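For the numbers below, each heavy atom of this structure counts, side chains included, while hydrogens, waters and symmetry mates do not. What you see is a predicted model, and the numbers here were worked out from it, not measured in a lab.
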Amino acid sequence: MGSRGNKKKNRVEINKKQVNNTLAVFSTTEIIDTMNYMISELGSRGIQVRDFDNKHKTVKMIKIIGGKPYFLSE
């Protein structure tokens, strides 16, 4: 039975490596654009992304300001 857990763990590790390899080819701006699309898509499905530190605020977008990414919430 123990080998079954190892197979699943190995699949998860392989998937993580594949995701990391895929993300490595994208620029920071492209990743942030994708994250903004995902936030928007979740919003259209009625799911709000919450600010972890201020649970009453919802994340509206991520924006690069002065070369650093920030999330904007209201």
Side-chain angles (χ1 to χ4, degrees):
M1 283 192 219
S3 64
R4 189 174 213 196
N6 281 339
K7 288 181 183 178
K8 184 175 181 179
K9 183 177 179 183
N10 289 339
R11 262 196 324 263
V12 170
E13 291 300 319
I14 290 169
N15 288 341
K16 285 181 185 178
K17 288 178 186 177
Q18 289 173 337
V19 168
N20 287 336
N21 290 339
T22 301
L23 289 176
V25 300
F26 293 106
S27 70
T28 301
T29 304
E30 291 172 321
I31 293 172
I32 288 174
D33 287 344
T34 302
M35 292 169 72
N36 281 325
Y37 171 77
M38 295 169 104
I39 291 168
S40 174
E41 181 62 27
L42 288 168
S44 70
R45 296 177 184 206
I47 300 169
Q48 295 181 342
V49 179
R50 300 252 173 224
D51 181 336
F52 186 81
D53 293 326
N54 298 305
K55 306 267 191 270
H56 65 279
K57 292 185 177 181
T58 58
V59 176
K60 298 300 178 189
M61 70 181 310
I62 300 169
K63 190 168 185 168
I64 296 177
I65 302 171
K68 294 181 181 179
Y70 293 89
F71 68 90
L72 306 172
S73 60
E74 51 175 47

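Transitive grouping of hydrophobic side chains (ILVMFWY, heavy atoms separated by less than 4.5 Å) keeps Ile31 and Met61 in distinct clusters. Tracing side-chain contacts under 4.5 Å through hydrophobic residues (I, L, V, M, F, W, Y), one reaches Ile32 starting from Val25; they form part of the same cluster.
Between the side chain of Asp51 and the main chain of Val59, no donor-acceptor pair closer than 3.5 Å is present.
Applying the side chain to side chain donor-acceptor pair (under 3.5 Å) test to residues at least two apart or on different chains, the pairs with a partner in residues 59-74 are Thr58-Lys60.
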Contacts under 3.5 angstrom, residues 38-50 side chains, donor-acceptor by atom type, not counting sequence neighbours:
| unit_1 | atom_1 | unit_2 | atom_2 | d |
| --- | --- | --- | --- | --- |
| Glu41 | OE2 | Arg45 | NE | 3.1 |
| Glu41 | OE2 | Arg45 | NH2 | 3.4 |
| Ser44 | OG | Glu41 | O | 2.7 |
| Gln48 | OE1 | Arg50 | NH2 | 3.2 |
| Arg50 | NH1 | Lys55 | O | 3.4 |

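Rounded to the nearest 0.5 angstrom, Leu23 CG and Thr28 OG1 are separated by 10.5 Å.
When Asp33, Thr34, Asn36, Leu72 are each tested for a side-chain contact (heavy atoms from CB on, under 4.5 Å) with Ile62, only one passes: Asn36.
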